[in-house]
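Read through the structure below, which is laid out as structure tokens, and then see the notes.
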Amino acid sequence: MIRGIVAVVILDLKRFWVDRVRLVVGLAQPLLYLFVLGAGIGASSRMGGGDYRRFIFPGTMGLSLLFSATFAAITIVFDRQIGFFKAVLVAPIPRPAIALGKIIAGAIQSIVQGMVLLPFAPLAGASLGPLQTVEMIGAMALAALTFSTMGVAIACRFNSTTVFPVASNAVLMPMFFLSGGLYPLKVAPHWMQVAAHFDPVAYAVDLMRGVVLGEFFFPVALSLGALALTMVLLVSASVRVFNRGEDDSSLGASRLGWRR
Amino acid sequence: MPNPPARTPDASPAAVDVRGLVKHYGSVEALRGVDVRVEQGEMFALLGPNGAGKTTLFSILATLRTPTSGSALVLGRDVVAERDAIRREMGIVFQEPAIEQRLSGRDNLFLMGLLYGLTIAGARKRASEVLEQLGISDLADRRAQQLSGGQRRKLELARALVADPRILFLDEATLGLDVDARRTFWGQVRSLADAGRTVFFTTHYMEEADVADRIALIDFGVIVALGTPRELKARLGGGIVSLTTDDNLRARAWLSEHGFEPEPGGQEIMLLHADPAAVLPELLRNLPVRVERAEVHVPSLADVFLKLTGRGLEGGSKP
């Protein structure tokens with residue numbers, strides 16, 4: 001089991017390393033939010049430009065982690081199309097090991113992307129002390145793991161590389177916008193505050209923001225609990241899809257078309 | 001065989017033992033009752049047109065699909081109930097590429113080794129061994145996508161061999177390769193079989209099936225014929241040996257005396273025989289005349305298929 005997970009993780013990280021230029025390209029989006037959107041909205045907000053940038057830094061970090069983790073999960077869909085996954089599927093490793101390996105590998109890729117963004121914190125006015133940095137990395141790791149679980153849970157149900165990005169965007173963008181990443185939840189309309197309670201991204205962003213600003217919207221224990229619950233539910237959902245017995249070659253996506 | 005032996009897991013079970021295998025996809029009957037037994041060490045071909053059920057049978061044996069009914073044992077173990085145990089014993093080459101194109105061949109094999117439970121050092125060593133064995137060490141450090149079609153297929157074969165499997169399954173493994181590359185590929189597989197590994201492969205190229213020890217012809221989800229390539233060809237009523245000798249009259253007399261029935265008349269002696277290629281050496285050794293020219297016409301597997309099903313191999317099973 002452990003060996004199987006390690007094998008899947010090494011496999012994905014090797015492939016990630018081939019595409020390492022993605023780390024640089026992946027910086028573009030959060031920096032755009034931080035310094036362009038952030039400057040524009042910040043100038044027109046009551047907080048003022050500097051404070052607003054500092055405020056949305058954890059939000060853009062969340063965005064970066066969210067998209068890199070989900071993008072890592074796309075390899076599941078991609079492999080299924082080129083047949084590579086079949087070779088993994090007929091290997092004598094338990095199915096849960098594949099699901100867990102994918103989740104861990106996605107989280108690592110996501111956290112590496114986050115670490116590339118982290119040095120920009122001082123530029124956004126969010127300088128972190130040594131203890132804060134450690135706390136921040138801890139919160140990032142938790143967020144990355146949750147987001148990777150979400151990515152895998154979505155990806156394992158698709159077998160088309162064209163459908164998956166559309167579908168995942170349809171889920172991820174609302175989650176990000178509701179998370180309070182770009183505005184304070186406490187001044188948001190009541191229904192958005194209620195909705196945010198069902199949004200794992202909101203808890204993850206709130207933890208990171210708490211580290212930077214020192215004030216939390218959700219109690220810390222609630223955030224930790226919500227993220228843990230999300231992970232437990234989604235991991236077991238993914239494992240169930242990976243475990244589906246009939247017609248393993250399609251890995252649970254069989255409803256979207258079969259092949260002889 | 002009137003009394004087939006009871007199915008107990010013995011010391012050396014059949015490599016593949018399939019009985020009454022049925023597979024439906026919704027209303028489509030891909031397999032309609034298949035019985036096949038492949039002995040260990042055999043090289044066995046499953047030959048049939050596209051859509052005949054080859055890939056379905058292959059996928060069931062490869063533990064990728066489950067049968068609707070009937071049973072399939074690989075090395076004495078059930079492909080459904082004992083899936084994990086036989087996965088260790090199998091090496092599989094798929095129709096579609098199953099190597100990561102952006103990684104090097106060596107990395108691909110190394111990762112496969114890890115998936116089959118080798119340690120990191122063990123997987124590295126095994127990757128080098130297999131590359132060496134197939135003679136592709138010099139290509140090993142290039143990205144797979146930079147290799148030619150034939151080289152990539154060799155890499156697929158190498159991938160299947162990483163776990164040192166007792167049985168190799170290949171599904172249309174040379175699809176899209178030119179004749180030369182196909183010949184090299186099958187030469188390599190043949191030597192693996194000669195070294196004692198069981199090989200089970202599907203193909204719709206009859207010249208590929210010819211390298212097998214035995215062939216099963218499959219059509220519309222049932223096995224329509226099974227035997228060695230020679231036996232199958234002999235089903236057509238055999239082939240023809242034609243001989244030109246320095247004394248045709250004497251040759252004809254000798255042939256008649258020894259139970260052959262040469263066709264009357266003609267410049268050459270025409271001889272119908274069930275297995276002309278096997279009988280020719282005997283004739284050449286024993287004829288009391290000098291043979292100036294000898295020719296053998298053997299029907300192809302395509303002819304056999306045509307005779308058995310009324311259709312060619314290339315056409316596909318769907319009417």
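These numbers come from the heavy atoms of this one structure, side chains and all, not from hydrogens, waters or symmetry mates. The sequence lines fix the lettering, A, B, ..., with proteins before strands; numbering per chain opens at 1.
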Could you check if a side-chain atom of A/V90 sits within less than 4.5 angstrom of a side-chain atom of B/F94, using non-hydrogen atoms only? yes

Chain A contact residues among residues 119-131 of chain B, heavy-atom distance under 4.5 Å: B/T119, B/I120

Using only atom types and a distance under 3.5 Å, with no angle test, would you say the side chain of B/R65 pairs donor to acceptor with the backbone of B/F58? no

Got a second to check how far A/I93's CD1 is from B/R88's CZ, nearest 0.5 Å? 10.0 Å

Residue list, salt bridge (charged side-chain N to carboxylate O under 4.0 Å, His left out) with A/K14, at least two apart or on another chain: B/D107

B/Y116 versus chain A, heavy atoms under 4.5 Å apart: side chain, backbone, both or neither? both

Please look at B/L103 and chain A and tell me whether the side chain, the backbone, both or neither of the residue comes under 4.5 angstrom of a heavy atom of that chain. side chain

Tightest non-hydrogen contact, residues A/G59 and A/V205, listed as CA-CG1, 4.1 Å

Under the ring pair (Phe, Tyr, Trp, His ring centres under 6.0 Å) rule, what pairs show up with a residue in residues 137-156 of chain A, not counting sequence neighbours? none

Within this structure, what is the CD-CG distance for the pair B/E172 and B/L46, rounded to the nearest 0.5 Å? 9.5 Å

Report yes or no: do B/T56 and B/Y25 form a side-chain donor-acceptor pair below 3.5 Å? yes

What residue, out of A/A87, A/P92, A/A91, A/A7, has the most heavy-atom pairs lying under 4.5 Å from chain B? A/P92

Assert top hit (heavy-atom pairs under 4.5 Å, partner chain A, pool B/I60, B/D84, B/I99) equals B/I99

Could you have a look at A/L11, A/V8, A/V6 and say which one has the most heavy-atom pairs with chain B under 4.5 angstrom? A/L11

Counting only non-hydrogen atoms closer than 4.5 Å, can you tell me which residues of residues 22-32 of chain A sit against chain B? none

Proximal component of B/M112, with respect to chain A [non-hydrogen, under 4.5 Å]: side chain

Do the side-chain N and O atoms of B/Q95 and B/D171 include a donor-acceptor pair separated by under 3.5 angstrom? yes

Can you tell me if B/E208 and B/T203 form a side-chain donor-acceptor pair at under 3.5 Å? yes

Rounded to the nearest 0.5 Å, what's the gap from CZ on A/R15 to CD on B/Q101? Could you check? 11.0 Å

Which label fits B/F200 and B/F44: parallel for a plane angle under 30°, tilted from 30 to 60°, or perpendicular past 60°? parallel

